[in-house]
Amino acid sequence: MTTAQPLDVQPTPLALLLLGREADPRSERGVECPGDLPAPSDPDLVARARAAKEKLGDKVFVLGHHYQRDEVIEFADVTGDSFKLARDAAARPDAEYIVFCGVHFMAESADILTTDAQQVVLPDLAAGCSMADMATAEQVAECWEVLTEAGVADVTVPVSYMNSSADIKAFTGRHGGTICTSSNAQRALEWAFQQGQKVLFLPDQHLGRNTAVRDMGMSLDDCVVYNPHKPNGGLTPEELRAATMILWRGHCSVHGRFSLDSVNDVRERIPGVNVLVHPECKHEVVAAADYVGSTEYIIKALEAAPAGSKWAIGTELNLVRRLANRFADQGKEIVFLDKTVCFCSTMNRIDLPHLVWALESLVAGKVVNRIQVDKETEHFAKLALERMLALP
């Protein structure tokens, strides 16, 4: 009788993806509309998270993006948008572990800006960004070849939104460009036009178009859209030579849901409502809104709003709900712009079970889901980020 040998069973890529310990770079993940998010299945998770965080003490610094679930935000040391959080991490060099409750490109930015001694952890590697996924390094390199063949590459300056991969930030740095946020996009474009005659704006076409047309007085005819899935981006050399803004065909799957119908409908339902939207929304939505601004702008606008005022907000639902609850006792009515309840599904991959797993692993001396940007990519991406930081 022979003794059965233990089977060497390895988890499949799908199993690892479902566990949040592997990523699928080929997928384009966006939004889901589940209604209310489910509560954590384990009632002991809150206590476990508190215990693990207490054991780690100053060794860990937890960052929570504004779009995160409330159950995760509860354990964040600081909250903010992606760039603010990356800078907050860089300002805490004594923290050995940076646990970034956000999405992949945000954790990459934190790794770029922090020291080599610090380790950045993303609780779920499947927490990507559909917008960032819409521009790969290979596609952008091919685009630059198209611009070169059209004879315009040498007068084109790349400006990449913060919501982009480290590879795209590095491409921007290599080609003399800068990064921008939704708060400083106009300053970044003004700087870029001092360096060249055209801008290649990556990867969000809406932020690029809205900044150029709404904020800087260009016309829609000054803008063309480069589609990486079409030969030569779907553009002729003549169209590229005539354009001022070459917009990458990318968008935020959350902000892209809002429509002109959404604006018209909420105005009918709530007389006197103020419509406040993020500049990642479509141009017609931005044009119809009363106020337009970044996530931080939205928060500050609602803080300053008079009691009893009514607001429809075009941004991610977790933040809108949190703001509605925060200002309810002041009589401020705050609603989601779209009638359909939609969360950013990738941002919501970071839930309490994944956060607890990451923290308890650190307590046990195991660093899981570490995000590391290679040195060459880090060098050029940091160069582009530093150009942004030097903007007037």
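By convention here, the first residue in the shown sequence is residue 1.
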How would you list, by chain and number, every residue that makes a ring pair (Phe, Tyr, Trp, His ring centres under 6.0 Å) with [X], sequence neighbours excluded?
X	value
Phe83	none
Phe171	Trp144, His175
His66	none
Phe258	Phe336

Check whether any side-chain heavy atom of [X] lies under 4.5 Å from a side-chain heavy atom of [Y], and answer yes or no.
X	Y	value
Asp58	Asp94	no
Glu138	Asp167	no
Ile298	Thr315	yes

State which residues pass side-chain contact (heavy atoms from CB on, under 4.5 Å) with Glu239; sequence neighbours excluded, sorted by chain then number.
->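 With neighbours one apart ignored, the set is Leu235, Thr236.
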By the salt bridge (Lys or Arg N to Asp or Glu O under 4.0 Å) test, which pairs, at least two apart or in different chains, include something from [range]?
range	result
residues 204-221	none
residues 279-302	Arg267-Asp290
residues 99-120	Asp116-Lys375

Within a reach of under 6.0 Å around CD of Glu238, are more than 12 heavy atoms found that belong to other residues, nucleotides or ligands?
->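 For Glu238, atom CD is crowded (more than 12 foreign heavy atoms under 6.0 Å).
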For atom CG of Asp154, decide whether the heavy atoms of other residues, nucleotides or ligands shown that lie under 6.0 angstrom number more than 12.
->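 More than 12 within 6.0 Å, yes.
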Between CG on residue Leu202 and CG on residue Asn163, distance to nearest 0.5 Å |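 Here the rounded value is 12.5 Å.
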Are [X] and [Y] connected in the hydrophobic side-chain network, where two residues link if heavy atoms are under 4.5 Å apart?
X	Y	answer
Val199	Leu147	no
Leu200	Phe380	no
Ile73	Ile334	no
Met216	Val213	no
Val78	Leu323	yes

Could you list the donor-acceptor pairs under 3.5 angstrom formed by side chains in residues 259-266, with sequence neighbours left out?
unit_1: Ser259; atom_1: OG; unit_2: Asp261; atom_2: N; d: 3.4
unit_1: Ser259; atom_1: OG; unit_2: Ser262; atom_2: N; d: 3.2
unit_1: Ser259; atom_1: OG; unit_2: Ser262; atom_2: OG; d: 3.2
unit_1: Ser262; atom_1: OG; unit_2: Ser259; atom_2: N; d: 3.3
unit_1: Asn264; atom_1: ND2; unit_2: Leu260; atom_2: O; d: 3.4
unit_1: Asp265; atom_1: OD2; unit_2: Arg269; atom_2: NE; d: 2.6
unit_1: Asp265; atom_1: OD2; unit_2: Arg269; atom_2: NH2; d: 3.4

Testing Asn318, Thr295, Thr346 for side chain to side chain donor-acceptor pair (under 3.5 Å) with Tyr67, which one passes?
->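 Result: among Asn318, Thr295, Thr346, Thr295 is the only option passing the side chain to side chain donor-acceptor pair (under 3.5 Å) with Tyr67.
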Where [X] and [Y] come nearest, the two heavy atoms and their spacing:
X	Y	answer
Ile350	Ala127	CD1-CB, 3.8 Å
Ile112	Ala166	CD1-CB, 4.2 Å
Val157	Gly176	CG1-O, 3.9 Å
Thr172	Ser160	OG1-OG, 2.6 Å

Can [X] and [Y] be counted as having a side-chain donor-acceptor contact under 3.5 angstrom?
X	Y	result
Thr148	Glu145	no
Thr377	Asp374	yes
Gln186	Glu190	yes
Asp133	Ser130	no

Taking only Lys NZ, Arg NE, NH1 and NH2, and the carboxylate oxygens of Asp or Glu, determine whether Glu360 and Lys55 approach each other closer than 4.0 Å.
->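 Salt bridge absent between Glu360 and Lys55.
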Would you say Gln68's side chain and Met347's backbone share a donor-acceptor pair under 3.5 angstrom?
->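 Confirmed, Gln68 side chain pairs with Met347 backbone.
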Between the side chain of Lys169 and the main-chain N/O of Ser164, is any donor-acceptor distance below 3.5 Å?
->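 Yes; judged by distance alone, with no hydrogens or angles, the pair exists.
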Name of the residue among Asp124, Asn369, Val72, Leu359 meeting side chain to side chain contact (heavy atoms under 4.5 Å, CB included) with His354 =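 Single pass found, and it is Asp124.
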Keeping to residues at least two apart or across chains, list the ring pair (Phe, Tyr, Trp, His ring centres under 6.0 Å) pairs with something in residues 190-226.
->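 For residues 190-226, and leaving out neighbouring residues, the ring pair (Phe, Tyr, Trp, His ring centres under 6.0 Å) pairs sorted by first residue read Tyr226-Trp248.
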According to the ring pair (Phe, Tyr, Trp, His ring centres under 6.0 Å) rule, which pairs have a member within residues 121-140, sequence neighbours left out?
->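 Passing the test, one end in residues 121-140: no pairs.
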Can you run down the side chain to side chain donor-acceptor pair (under 3.5 Å) pairs that involve residues 302-313, sequence neighbours left out, and say none if there aren't any?
->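 For residues 302-313, and leaving out neighbouring residues, the side chain to side chain donor-acceptor pair (under 3.5 Å) pairs sorted by first residue read Glu303-Arg326, Ser309-Trp311.
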Candidate pair Arg174 and Glu376, rule salt bridge (Lys or Arg N to Asp or Glu O under 4.0 Å), full reasoning | CA-CA 11 Å; Arg174 284 190 186 96; Glu376 182 180 359; 3.4 Å; yes
Cation-pi, Phe327 ring and Lys332 (6.0 angstrom, 45 degrees) |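 Yes, Lys332 and Phe327 form such a contact.
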